[in-house]
Amino acid sequence: MDVLGQLILLLLFVESSECVQCFAHFDPSSGQCGEELGEVDEDDCCQNPHYGYKETHKECQSCGPPVWSLWSSWSQCNVVCGDGVTQRSRKCFGIGGSECDNPAENLQTQACTGTCCDVKGWSLWSGWSACSVTCGEGGVRSRDRVCSSPPECSLSCTGPSEEREACPTHTCPVHGGWSSWSTWSQCSGSCVDDQRDYVPSKVRHRSCSNPAPSNDTVPPGSGCHGDSSQVKECSELPNCPVHGSWGVWSLSGKCSASCGEGLQTLIRKCDQPAPKYGGKFCDGPNAQTNVCHSRCPVDGFWSGWSSWGDCSGSCVVEGRPPVRTRSRSCSNPAPSSSPPGRGCNGDDRHIEDCSDMPPCPVDGGWTSWSPFTSCPVTCGVGLEVSVRSCDSPASQHGGQPCPGEGRRTRTCSTHVHCPVDGAWSPWSPWNQCLYPFGGRDIRCKHIGGSQKRERVCRHQDHNGSICNGGSLTETRVCYDVSSCYVKGSWDKWNQWSLCTPACGGNSKRYRRRICDPDFSDYKALIGRLYEKATFYGIPRADCGSLPDGEEKFEIQSCVNVPPCPAH
């Protein structure tokens with residue numbers, strides 16, 4: 001076979017690592033993952049033994065060596081009254097979960113007796129609460145009840161503790177709203193009379209009909225707040241003409257004017273009052289002698305201001321309020337052209353800010369994304385972060401916040417496996433009690449021996465630390481009493497065993513009457529260091545016969561054991 005064919009066959013047998021959700025923390029007491037890093041290959045995620053991962057629709061798993069969780073608390077007795085069972089469980093977490101010691105021992109069951117035979121259970125239902133809405137549809141109301149049993153008897157309360165139902169409905173009141181303003185009426189006059197200090201006005205109206213307040217609801221709808229009419233002075237009108245009236249005759253003299261019609265003798269002036277704003281000059285001559293004629297220039301005079309125009313906007317943008325304008329013309333009268341009269345002084349246009357406008361809403365804008373941070377770990381998988389801020393600009397005055405997220409992440413891999421620290425295995429059983437100085441048989445003899453047990457430091461890898469504390473072996477002094485005949489005395493029963501099997505049918509428990517062997521003729525302290533001796537093995541203790549009717553061994557069926565969970 002050529003090299004290419006061998007390579008293809010090799011690739012077909014290489015299994016790719018499955019893509020999983022990787023987490024920076026795993027809690028072995030609860031089996032929960034925390035601080036998600038993102039999707040990576042399982043092998044990359046588990047380069048750090050402190051991490052956890054989750055496959056689709058599955059529970060979180062630890063990346064560390066296999067380890068049992070703590071036992072859960074014992075459940076409540078599964079019957080309220082009579083015989084039942086209580087259970088507790090544990091889980092094996094870690095890579096290769098089957099490597100936990102005795103992986104099938106994840107459930108324990110023991111018998112219990114329900115002591116809640118005379119409990120009261122639920123209290124009476126409370127009264128219905130107020131409806132969640134005061135009118136209209138969609139309202140709900142609720143009532144509840146309390147389990148008056150003690151916590152250990154909570155199973156005596158079955159069913160919900162709260163009830164909810166739809167509320168009866170009635171029509172909501174309709175509060176009044178203003179219609180739009182009508183157009184302004186005609187001004188009450190055609191000009192401003194400054195002799196009587198009178199300015200004409202105009203009026204506009206609105207009605208409380210958009211909508212009209214309801215009168216047939218409980219409570220009735222409220223009326224509109226504010227005025228139904230507005231009055232405004234017609235300040236843009238021209239001034240009313242003032243007709244001239246003659247003053248007293250003056251003494252005669254030279255011609256009274258360098259232009260126009262003047263008198264060289266007795267004169268009188270049209271100044272009581274003088275004509276203004278296009279008013280009529282005094283009728284009749286102003287002199288009783290010769291008249292001199294020449295055309296006089298006519299100086300311009302402003303008309304009244306027009307009404308203000310609409311504001312150029314409805315809100316203030318970045319400190320620049322909208323504006324409105326009004327105008328006037330130099331036509332009251334217009335300046336003559338021959339001879340030329342003087343024009344009007346001042347501006348023909350007036351601009352002012354609409355300062356009572358509210359600020360315009362400002363939608364938030366993102367800054368640019370910051371560069372991703374460097375990979376924060378030296379082994380395994382980490383999380384690089386890039387951020388942006390919603391302050392370019394920040395949202396103001398009811399503007400929309402920035403859409404999307406202000407933080408984005410991406411996983412990074414060092415492709416370096418993190419150190420895996422060693423963990424002690426459970427101690428092995430104690431081995432046989434043997435004479436320490438050769439092959440002498442010490443069984444059933446008052447001669448001390450020694451025995452030992454061992455453990456190993458497992459899972460240490462990738463330059464992780466070895467197991468701390470303690471040694472690989474332990475020794476103790478002992479007597480070998482295996483199958484030895486020993487006098488004894490009957491003691492009380494030992495504790496009931498757990499129910500076996502822990503789930504399903506035909507589960508039983510047992511207990512024995514304790515036959516306490518008499519080792520009083522053995523020395524309590526033995527060896528060169530006078531250590532406290534232990535007794536290895538099970539002796540043939542002779543406690544004699546029990547009183548009539550009493551048994552040495554007792555078996556009971558565990559009842560109401562739940563079925564085993566399906567796998």
Side-chain angles (χ1 to χ4, degrees), residues 133-137 169-243 276-279 301-333 344 346-362 396-400:
V133 297
T134 57
C135 62
E137 299 179 351
T169 60
H170 59 274
T171 305
C172 292
V174 177
H175 302 301
W178 288 114
S179 67
S180 300
W181 286 103
S182 67
T183 56
W184 289 102
S185 68
Q186 294 292 327
C187 292
S188 59
S190 60
C191 59
V192 177
D193 188 347
D194 65 353
Q195 300 299 302
R196 293 185 298 134
D197 196 22
Y198 169 70
V199 179
S201 61
K202 55 186 176 181
V203 66
R204 65 176 181 177
H205 302 278
R206 60 179 177 175
S207 61
C208 189
S209 59
N210 187 31
S214 60
N215 295 318
D216 55 351
T217 58
V218 180
S222 56
C224 302
H225 298 290
D227 299 324
S228 61
S229 62
Q230 286 184 340
V231 178
K232 182 178 181 181
E233 289 185 340
C234 298
S235 58
E236 70 276 9
L237 292 176
N239 295 92
C240 295
V242 178
H243 300 301
K276 293 191 295 183
Y277 313 127
F301 196 84
W302 292 114
S303 66
W305 287 104
S306 69
S307 59
W308 286 105
D310 293 332
C311 291
S312 60
S314 59
C315 57
V316 178
V317 179
E318 297 180 351
R320 300 191 302 275
V323 296
R324 63 178 184 173
T325 61
R326 64 178 180 175
S327 59
R328 60 182 177 175
S329 61
C330 190
S331 59
N332 187 33
C344 300
D347 298 323
D348 64 350
R349 194 164 180 243
H350 187 189
I351 302 175
E352 73 173 6
D353 292 339
C354 297
S355 56
D356 57 345
M357 294 292 181
C360 293
V362 178
Q396 299 181 71
H397 314 303
Q400 294 296 316

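Computed over heavy atoms, backbone and side chain alike; hydrogens, waters and symmetry mates excluded.
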Exercise. Report the C-alpha separation of Trp184 and Cys234 in whole Å, then their side-chain angles, then the decisive distance to 0.1 Å, and conclude whether the side chain to side chain contact (heavy atoms under 4.5 Å, CB included) test is met.
Key: CA-CA 11 Å; Trp184 289 102; Cys234 298; over 6 Å; no
Practice problem: Start with the C-alpha gap between Cys330 and Phe301, add the side-chain angles, then the distance that decides, and say whether side chain to side chain contact (heavy atoms under 4.5 Å, CB included) holds. | Solution: CA-CA 5 Å; Cys330 190; Phe301 196 84; over 6 Å; no
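The shortest heavy-atom contact between Cys354 and Pro321 is O-CB, 4.0 Å. Heavy-atom minimum distance, Trp178 versus Cys224: CE2-CB, 3.3 Å. The minimum heavy-atom distance linking Cys315 with Pro322 is given by the pair O-CD, 3.4 Å. Taking all atoms of both residues into account, the shortest heavy-atom contact from Gly223 to Pro213 is CA-CG, 4.2 Å.
To the nearest 0.5 Å, atoms OG (Ser185) and NZ (Lys202) are separated by 8.0 Å. Separation of atoms CH2 (Trp305) and OG1 (Thr325) is listed at 10.0 Å; rounding is to 0.5 Å.
Annotation: side chain of Asp348 is not in contact with side chain of Ser329 (no heavy-atom distance under 4.5 Å). The side-chain heavy atoms of Pro200 and Leu237, taken from C-beta on, include a pair separated by under 4.5 Å. For the pair Met357 and Cys311, the minimum side-chain heavy-atom distance is below 4.5 Å.
Under a 3.5 Å cut-off, the side chain of Arg206 and the backbone N or O of Asp227 do form a donor-acceptor pair. When atom types are taken as modelled, the side chain of His175 and the backbone of Ser222 share a donor-acceptor pair closer than 3.5 angstrom. Formation of a donor-acceptor pair under 3.5 Å by the Ser327 side chain with backbone atoms of Arg349 is not found in this model. The backbone N or O of Val174 lies less than 3.5 Å from a partner atom in the side chain of Ser214, making a donor-acceptor pair. In terms of modelled atom types and a separation under 3.5 Å, the side chain of Ser188 and the main chain of Ser201 share a donor-acceptor contact. Side-chain atoms of Ser303 never come within 3.5 Å of backbone atoms of Ser331 as a donor-acceptor pair (strictly under, hydrogens ignored).
Between Trp181 and His205, the distance separating the two ring centers is not shorter than 6.0 angstrom. Note: His350 and Trp308 meet the aromatic proximity criterion, with ring centroids under 6.0 Å apart.
Listed by first and then second residue, the salt bridge (Lys or Arg N to Asp or Glu O under 4.0 Å) pairs involving residues 319-328 are Glu318-Arg320, Arg324-Glu352 (not counting sequence neighbours).
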